[in-house]
**Student:** 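Structure below; questions to follow.
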Amino acid sequence: MHTSPSGTQTELRCGGMVVAITEVGASLRSFTADGRHLIEGYSDTEKCSGARGQSLIPWPNRIKAGKYRWNETDYQLDLTDPAAGGAIHGLTRWASWNLVERDHEHAIFRHALYPRPGWDWIYDCVIEYVLDNDGLTVRTSVMNRSDTAGPYGTGAHPYLTVGTPTIDSSMVTVPGSIYLPVDDVGIPTGTAPVDGTHYDLRTPTHLGDRQIDVAYKDLTRDPEGLARVRMSAPNGDAVSLWCNDAYPFLEIYTGDTQAKPRRRTGLGVEPMTCAPDAFNSGDGLLTLEPGETHTAQWGIQPE
């Protein structure tokens, strides 16, 4: 019997928009509007690569050397990013998630994250997808079912596309005034203003050959409290990703380390509740008390 590498597929439809979500990781595999791809995803016969469309729980991005200290206890996680010698993108993105509710425009997935080496807590994880006339909304809610408080962060990892062969010809707007420079394994070394650097994308900017793989903070938000990254093609096609104020950070990744033919074919736009290596730096790191739930929302809109 044939089984997709990403498990059972769940499809949502609204108007001319179609979304595909996978059992593995409850990941956003594809999103089209009137046949136009809004994310650079993957087929149902492929394994996810480059974290495309995955949700990142209980931390986004990297933890240096997979080590952290919490309440006077030292923890060592599996090194899931061996090239950089660290742990990357959490513990749930390769897990099987249960589809617990769905209709044509709405689906809810649930996963129980239990203790394992380097992790001592029980988190009840829920990801809800809603497709309506405005686009896609993704709501991530995580409750601590443990008897003790635990560390927490979350993020998401879609790659935006406007249908061009590479992202080089696109115009991009990123509403961050501060970026986090990183060392040679992607760990922040401090903060710096974007002024006068090639990281300054606060106004629509031709991306060209810029190579970016950093987090932004101090995000400009609209009156509804949403920060937006917008990407447009020379022909006028455009897409935007928004996130609410539960996400104070946005990672932008131009995909330069991806293997061909996926190199620079999509722009990674990653809303994050905390900075890379927050389990060590504490920058944005949340504490989930027993019984406490944290909820965050982001979404994608075609233009």
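Because only heavy atoms are used, hydrogens play no part in the values below, and waters and symmetry mates are left out as well, while side chains stay in. Being a predicted model, the structure only gives us computed values, none of them experimental.
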**Student:** Using a strict 4.0 Å threshold on nitrogen-to-oxygen distance, state whether E46 and R262 make a salt bridge.
**Tutor:**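 Salt bridge between E46 and R262, a charged N being under 4.0 Å from a carboxylate O: yes.
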
**Student:** With sequence neighbours left out, which residue pairs that include part of residues 160-184 fulfil the salt bridge (Lys or Arg N to Asp or Glu O under 4.0 Å) condition?
**Tutor:** D168-R264

**Student:** Restricting to ring-ring contact (aromatic ring centres under 6.0 Å, His included), what partner residues turn up for F31, sequence neighbours left out?
**Tutor:**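 For F31 there are no ring-ring contact (aromatic ring centres under 6.0 Å, His included) partners, ignoring immediate neighbours.
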
**Student:** Examine distances only and state if a side-chain atom of T22 and a backbone atom of S27 form a donor-acceptor pair shorter than 3.5 Å.
**Tutor:**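 Yes: the side chain of T22 pairs with the backbone of S27.
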
**Student:** Less than 4.5 Å apart, any side-chain heavy atom of Y129 and any of V138?
**Tutor:** yes

**Student:** Is the shortest side-chain heavy-atom distance between V229 and P175 below 4.5 Å?
**Tutor:** yes

**Student:** Might you work through the salt bridge (charged side-chain N to carboxylate O under 4.0 Å, His left out) test for R202 and D200, ending with a clear yes or no?
**Tutor:** CA-CA 6 Å; R202 290 174 293 181; D200 191 351; 2.9 Å; yes

**Student:** Does a donor on one side chain sit under 3.5 Å from an acceptor on the other, for S6 and S4?
**Tutor:**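 A pair is found: one side chain offers a donor N or O, the other an acceptor, under 3.5 Å apart.
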
**Student:** Are L241 and Y253 in one and the same hydrophobic cluster, where Ile, Leu, Val, Met, Phe, Trp and Tyr link if side-chain heavy atoms are under 4.5 Å apart?
**Tutor:**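 L241 and Y253: separate clusters.
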
**Student:** May I ask you to test the I187-N280 pair for a side-chain heavy-atom distance under 4.5 Å?
**Tutor:** no

**Student:** Just checking, is any N or O donor in the side chain of Q211 or T254 under 3.5 Å from an acceptor N or O on the other one?
**Tutor:**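 Distance-only check fails for Q211 and T254.
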
**Student:** May I ask you to decide whether R221 forms a salt bridge with D245, counting only side-chain N to carboxylate O separations under 4.0 Å?
**Tutor:** no

**Student:** Decide whether Q258 and R263 meet the rule of one side-chain donor and one side-chain acceptor closer than 3.5 Å.
**Tutor:**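 Short answer, no.
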
**Student:** Take W94 and C48 through the side-chain contact (heavy atoms from CB on, under 4.5 Å) test and state the conclusion after the steps.
**Tutor:** CA-CA 9 Å; W94 297 110; C48 179; 4.1 Å; yes

**Student:** Applying side chain to side chain donor-acceptor pair (under 3.5 Å), run through S43 and T45 and close with a yes or a no.
**Tutor:** CA-CA 5 Å; S43 76; T45 62; 2.9 Å; yes

**Student:** Keeping T161 on the side-chain end and G163 on the backbone end, is there a donor-acceptor pair under 3.5 Å?
**Tutor:** yes

**Student:** List the residues meeting side chain to side chain donor-acceptor pair (under 3.5 Å) with D218, not counting sequence neighbours, and say none if there are none.
**Tutor:** none

**Student:** How about D74: does its CG atom have over 12 heavy atoms from other parts shown lying under 6.0 Å from it?
**Tutor:** yes

**Student:** If we ignore angles and hydrogens, is there a donor and acceptor under 3.5 Å between the side chains of E251 and H157?
**Tutor:** no

**Student:** Give the C-alpha distance, both sets of side-chain angles, the deciding distance and a yes or no for side-chain contact (heavy atoms from CB on, under 4.5 Å) between T148 and N71.
**Tutor:** CA-CA 10 Å; T148 60; N71 286 345; 5.9 Å; no

**Student:** Output yes when a side-chain donor or acceptor of W298 lies under 3.5 Å from a complementary backbone atom of G155, and no otherwise.
**Tutor:**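 Checked: no pair found.
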
**Student:** Is there a path of hydrophobic side-chain contacts, each under 4.5 Å between heavy atoms of I/L/V/M/F/W/Y residues, joining I127 to M272?
**Tutor:** no

**Student:** Is any side-chain heavy atom of R29 closer than 4.5 Å to a side-chain heavy atom of Q9?
**Tutor:**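 Heavy-atom side-chain distance check passes, below 4.5 Å.
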
**Student:** Kindly compute the distance separating CH2 (W121) from CG (N144), expressed to the nearest 0.5 Å.
**Tutor:** 9.0 Å

**Student:** Contact between L113 and P58 at the side-chain level, heavy atoms closer than 4.5 Å - yes or no?
**Tutor:** yes

**Student:** Checking I167 against E40 for the side-chain contact (heavy atoms from CB on, under 4.5 Å) test, could you report, in this order, the C-alpha distance in whole Å, the side-chain angles of both residues, the deciding distance, and whether it holds?
**Tutor:** CA-CA 11 Å; I167 59 176; E40 205 255 329; over 6 Å; no

**Student:** Does the side chain of Y247 come within less than 4.5 Å of T154's, by heavy atoms?
**Tutor:** yes

**Student:** Should L180 and K217 count as side-chain neighbours, where that means a heavy-atom distance under 4.5 Å?
**Tutor:** yes

**Student:** Give a yes or no on whether the backbone of T80 and the side-chain of D78 come within a donor-acceptor separation of less than 3.5 Å.
**Tutor:** no

**Student:** Counting heavy atoms not belonging to D103, are there more than 12 under 6.0 Å from its CG?
**Tutor:**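 More than 12 within 6.0 Å, yes.
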
**Student:** Does the side chain of Y68 reach to within under 4.5 Å of the side chain of L77, using non-hydrogen atoms?
**Tutor:** yes

